[in-house]
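Comments concern the structure below.
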Amino acid sequence: MTDHLTSIPDQPSASPTQLLHHLGTQHPYRPSCLKFFKIGILLLLFPFHVFLLLRLPFLLLLPSPASSLPHPTPTVTTMSSPTSYERLVRRLYRTNLYNPVKLGLNNIENLAQALNSPFYTKENENSTNATSAKTHNNGIGIIHIAGTNGKGSVSYKIAESLRLSGYKTGLFVSPHISSFRERVQINGACIPESEVNTILTKIFNACESENIPATFFEITTALALEYFSHSHVDAIVLETGLGGRLDSTNLVLSDLSVITSIGLEHTRILGDTKELIASEKAGIFKPNRPALVGVDVPFPTIKSEAEKHGVSTLHTISSVLGSSISDQFLEKDFDEQNSYVAKSALKIARTTPAFKLMEERGLTIKDEAVEAGCAQRPPCRFEEKIVTTPHGSVNIILDVAHNPPALFHLFDKLSKQNPGVKKRVVIGMSSDKDLKLCGEILTSNVENVDNIHLVEASHPRAAKIQDMIEKWEELKGSNYDINDASVEKQTRTALKLAQENNELLIVCGSVFLMAGARSALGYNEPRDSDFVAKEAGANLRKDLQEHFGNRVWSEDEESEGETEREFEEFLEGALSNAIPKK
């Protein structure tokens, strides 16, 4: 006889009900005792099922075991999608990866034509009277500024003076500190993101439909001019990007051209002498319109260029403000020099047809507004701020002193303005600077090396901390963190120590570190997201830089003024007693 128990399923997961069913259906005789066996099993299981049913509502309300732990459960966050503004500006930053820069006005002129821009109409180039002023540039007064050093500061001072006088004033400058939108302003307010979206979309479409290989700076120039035009500004202050003659801002027919200073910069592009560079910058001069030059220029070259371009009158600071303003006096303080250039420019502007026409509408450049406007400084140009902490306040100076000459002048001014005051410095440099000489100036002007905080800006051109120390070994004793070289961390640390030790905190170096420092110091201002900011240097990566012959250049590269080799010779004499010889 077959043992029917051997046919019971050997699945370990078989339930008691399955087993009972199997026993009841497979056994041929189904004895009555088996019924009692099944009933007994069910009675044994009944209390357990009832217990589970009664407990179910309470089990659902109980917290999960993880939530009852003393530490919080990590949460998963998702990145928000980039906005239209972020996508468009990111695309703009990457433009030069695909459209190599070629100096010239073809792109910007073609783009202006495609956009139906009111600026730069050649038929009005030789006009001088008020009637023609109504037609060219839509009656907008334009002041165009070039120069090796000071052009950004002079532009800012002029724009502020015009704004305080009641003019609706557009300002175009570069580079920016925290947000791309800083480059384009009206009355001190950055261009709104919505305007960037609308105008950049229009420009990109024009570039594609007309096959215009416009670059970052050309597109940004077109963006500014479009915004100023449809916003119906009264005046525009334009800062050149590089040089003058072939700079995209030279599209406009300006009412006044200004050259702040001439130094050796971008020599493989503009020329290897001050005279050649002056000729390039004088390319912004316009026929039958005035021009102004600052104190540090090769005047014979400038005068020759003014005659060649048909300038109506070539002015100097002394010829405008009086012979009592001596060149030697002005050269002692850059900000004072910039203020006098701005004041001279505003005095000349009053005499131009465009600004005379605006006088008929009741707009005049007021003396008190000029004084107040020229007393202002652009952000991070010896910018003074007081930050209040829970334990006291700290005096802070932010300055984009990014090379040996600038650092020398910064500390020279600090020693005169704040004699005997202890200093604490947060500094980060660009990799293409003379890091050894910068370190030498730094350690000779700061009491203790541990009062120096080294940082790295999140930018392709930022110098590594290891490189700064390698170039000047005294910096080994400074404050830095190789694993977290962020600007924000060291700025917060330096702020705390400066407050505790009653020190003046100085944040200086590359423009690229300023956004992080300002954020750490509590500035409430527009700042681009990391999605945008990390692309800001996309066209500066070593293998993707812009080339002009043998010269590599970026449109945000700042002017150097004197070459660092020249400055080393000057420094040897000026700091012979201050810097210990190695």
Side-chain angles (χ1 to χ4, degrees), residues 89 92-93 108 119 140-163 167-192 195-196 199 215-228 231 233 235-244 247-252 254 256-261 265 281 284 294 334-335 338-339 341-342 345-346 373-374 376-383 398-400 402 510-512 514-515 518 525-528 536 554-559:
V89 176
L92 174 60
Y93 277 135
I108 190 65
F119 297 102
I140 299 169
I142 298 180
I143 301 176
H144 197 189
I145 301 166
T148 298
N149 288 311
K151 60 191 170 90
S153 294
V154 170
S155 299
Y156 185 84
K157 290 173 183 290
I158 291 174
E160 277 294 286
S161 299
L162 292 172
R163 180 185 69 82
Y167 293 80
K168 187 175 183 181
T169 306
L171 173 64
F172 178 58
V173 289
S174 60
H176 62 268
I177 302 295
S178 299
S179 171
F180 166 80
R181 297 189 293 123
E182 296 168 24
R183 295 168 178 258
V184 183
Q185 303 177 28
I186 291 180
N187 284 353
C190 298
I191 180 173
E195 290 281 3
V196 175
I199 301 172
T215 64
F216 171 88
F217 195 75
E218 289 164 344
I219 292 172
T220 307
T221 302
L223 166 69
L225 294 176
E226 277 291 296
Y227 178 53
F228 297 152
S231 297
V233 297
I236 296 174
V237 182
L238 283 179
E239 179 195 4
T240 60
L242 175 77
D247 189 78
S248 62
T249 59
N250 208 25
L251 167 79
V252 303
S254 58
L256 170 64
S257 303
V258 180
I259 296 179
T260 58
S261 65
E265 57 159 341
K281 293 187 184 295
I284 68 170
F334 287 154
D335 184 65
N338 294 333
S339 294
V341 173
L346 289 160
C374 290
Q376 303 297 315
R377 296 175 185 269
C380 299
R381 272 73 168 184
F382 208 84
E383 179 183 0
L398 298 97
D399 194 279
V400 285
H402 62 287
S510 169
V511 66
F512 304 119
M514 290 299 170
R518 292 167 76 87
E525 59 189 3
R527 184 181 180 187
D528 285 335
S554 80
E555 288 174 353
D556 271 352
E557 184 174 359
E558 297 176 289
S559 302

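What you are looking at is a predicted structure, and each value in this text was computed from that prediction instead of being measured. For this chain, numbers begin at 1 and follow the sequence in order.
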(request) Given side-chain contact (heavy atoms from CB on, under 4.5 Å), test Y156 with N338 step by step and report yes or no. (result) CA-CA 10 Å; Y156 185 84; N338 294 333; over 6 Å; no
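- A 4.5 Å side-chain heavy-atom check between M514 and L398 finds at least one atom pair inside the cut-off.
- By the ring-ring contact (aromatic ring centres under 6.0 Å, His included) test, Y167 pairs with F355, sequence neighbours left out.
- Taken from NZ in K281 to OG in S257, the straight-line distance is 13.5 Å, to the nearest 0.5 Å.
- Residues E525 and C190 are not in side-chain contact: their nearest non-hydrogen atoms beyond the backbone lie 4.5 Å or more apart.
- In this structure, A235 and L162 approach most closely via the heavy-atom pair CB-CD1, 3.9 Å.
- Side chain of E182 to backbone of I177: a donor-acceptor contact under 3.5 angstrom is found.
- Under a 3.5 Å cut-off, the side chain of R163 and the backbone N or O of S161 do not form any donor-acceptor pair.
- Residues satisfying the side chain to side chain donor-acceptor pair (under 3.5 Å) criterion with T260, sequence neighbours excluded, are absent altogether.
- Remark: E383 pairs with R518 by the salt bridge (Lys or Arg N to Asp or Glu O under 4.0 Å) rule, at least two apart or across chains.
- Scored by the side chain to side chain contact (heavy atoms under 4.5 Å, CB included) test, T240 finds H144, A146, K151, D247, T249, I284 as partners (sequence neighbours excluded).
- With sequence neighbours excluded, the residues that form a side chain to side chain contact (heavy atoms under 4.5 Å, CB included) with A159 are T169, L171, V237.
- At a threshold of 4.5 Å between non-hydrogen side-chain atoms, the residues L223 and F180 count as touching.
- Here the side chains of I219 and L92 are in contact, with some heavy-atom distance below 4.5 Å.
- Take D528 and apply the side chain to side chain donor-acceptor pair (under 3.5 Å) test, not counting sequence neighbours, and it matches Y85, S179.
- Under the rule for a side chain to side chain contact (heavy atoms under 4.5 Å, CB included), the partners of E195 that lie at least two apart in sequence or sit in another chain are I191, P192, I199, Y227, H230.
- When every heavy atom of S339 is checked against every heavy atom of C374, the shortest pair comes out as OG-O, 3.0 Å.
- For F172, the ring-ring contact (aromatic ring centres under 6.0 Å, His included) test picks out F217, with sequence neighbours left out.
- Side chains of K157 and V341 form no contact here, defined as non-hydrogen atoms less than 4.5 Å apart.
- For the side chain to side chain donor-acceptor pair (under 3.5 Å) test, no residue two or more places apart in sequence or in another chain qualifies with N187.
- The pair R377-D399 does not meet the salt-bridge criterion, since no charged nitrogen lies less than 4.0 angstrom from a carboxylate oxygen.
- With sequence neighbours excluded, no residue forms a side chain to side chain donor-acceptor pair (under 3.5 Å) with S153.
- Among all heavy-atom pairs drawn from P526 and R181, the shortest one is CB-NH2, 3.3 Å.
- The aromatic rings of Y93 and F216 lie parallel to each other, with less than 30° between the two planes, well short of the 60° mark.
- With values rounded to the nearest 0.5 angstrom, F334 atom CZ is found 6.5 Å from N149 atom CG.
- A donor-acceptor pair is defined here as one N or O able to donate and one able to accept, closer than 3.5 Å; such a pair exists between the side chain of S510 and the backbone of F512.
- Judged as a salt bridge (Lys or Arg N to Asp or Glu O under 4.0 Å), and not counting sequence neighbours, the contacts of R527 are E488.
- The two residues I158 and A345 come nearest to each other via the heavy atoms CD1-CB, 3.7 Å.
- Between F119 and T221 there is no side-chain heavy-atom pair separated by less than 4.5 Å.
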